Amino acid sequence: MFKTIGDPADCEVRSVIRFLNANKVNPAEIHRQLVEIYGENVMTDGMVRKWVRQFNDGRTNVHDEARSGRPSVATMVWLQK
């Protein structure tokens, strides 16, 4: 039995997806391994497949891309500190 890791950063999970995908692990197996280590709420199978497609299309950045619009409440709280 593995020790689970709670509350991982999004970029951490995406890095694991990128690594396993580079090692030719299929998306369903990547999702299974993520759930095993990070728990049921880590990321959906569909989102894993989306990230695998993006990495296969040449994306290398595991961080969120800048978006226009209103920042989240959590970002607003952080900015006020």
Side-chain angles (χ1 to χ4, degrees):
M1 186 69 173
F2 298 103
K3 180 180 177 187
T4 60
I5 301 172
D7 200 28
D10 290 343
C11 61
E12 177 182 349
V13 174
R14 293 172 193 159
S15 295
V16 171
I17 294 169
R18 185 174 177 219
F19 174 83
L20 292 173
N21 183 56
N23 280 310
K24 307 293 186 212
V25 178
N26 70 57
E29 177 62 15
I30 292 173
H31 183 256
R32 189 197 66 73
Q33 289 185 37
L34 290 173
V35 169
E36 182 175 37
I37 298 300
Y38 294 111
E40 290 291 328
N41 296 323
V42 63
M43 183 182 286
T44 65
D45 183 65
M47 286 302 293
V48 169
R49 292 176 189 281
K50 175 187 169 197
W51 279 100
V52 166
R53 272 193 310 277
Q54 288 187 28
F55 293 134
N56 287 341
D57 289 342
R59 180 171 179 156
T60 58
N61 187 354
V62 296
H63 299 283
D64 289 325
E65 293 179 348
R67 295 186 274 177
S68 63
R70 185 175 175 194
S72 70
V73 173
T75 302
M76 294 298 292
V77 169
W78 181 80
L79 290 173
Q80 292 172 353
K81 289 183 179 182

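Residues: numbered from 1 along the sequence shown. For clarity, every value in this text was computed on a predicted model and none was experimentally measured.
With a 4.5 Å cut-off on side-chain heavy atoms, V13 and W51 do not count as touching. For the pair Q54/R14, no side-chain contact is recorded, criterion being any heavy-atom separation below 4.5 Å from C-beta on.
The two atoms that bring S15 and V62 nearest to each other are OG-CG2, 3.5 Å, heavy atoms only. Residues M43 and I17 share a closest heavy-atom pair of SD-CD1, 3.7 Å. R59 and N61 get closest at one heavy-atom pair: NE-O, 2.7 Å.
Using modelled atom types, no side-chain atom of N23 and backbone atom of V25 make a donor-acceptor pair closer than 3.5 Å.
Considering V52, I30, T60 as possible partners of R18, the one that fulfils the side-chain contact (heavy atoms from CB on, under 4.5 Å) test is T60.
Counted within 6.0 Å of CG on N41, heavy atoms from surrounding residues, nucleotides or ligands total 12 or fewer; the atom is thus considered open.
Shown here are the side chain to side chain contact (heavy atoms under 4.5 Å, CB included) partners of A9, two or more places apart in sequence or in another chain: C11, E12. Residues meeting the salt bridge (charged side-chain N to carboxylate O under 4.0 Å, His left out) test with D57, sequence neighbours left out: none. Under the side chain to side chain contact (heavy atoms under 4.5 Å, CB included) criterion, R53 pairs with R49, K50, not counting sequence neighbours.
Atom-to-atom distance recorded for H31:NE2 and Y38:OH is 13.0 Å, nearest 0.5 angstrom.
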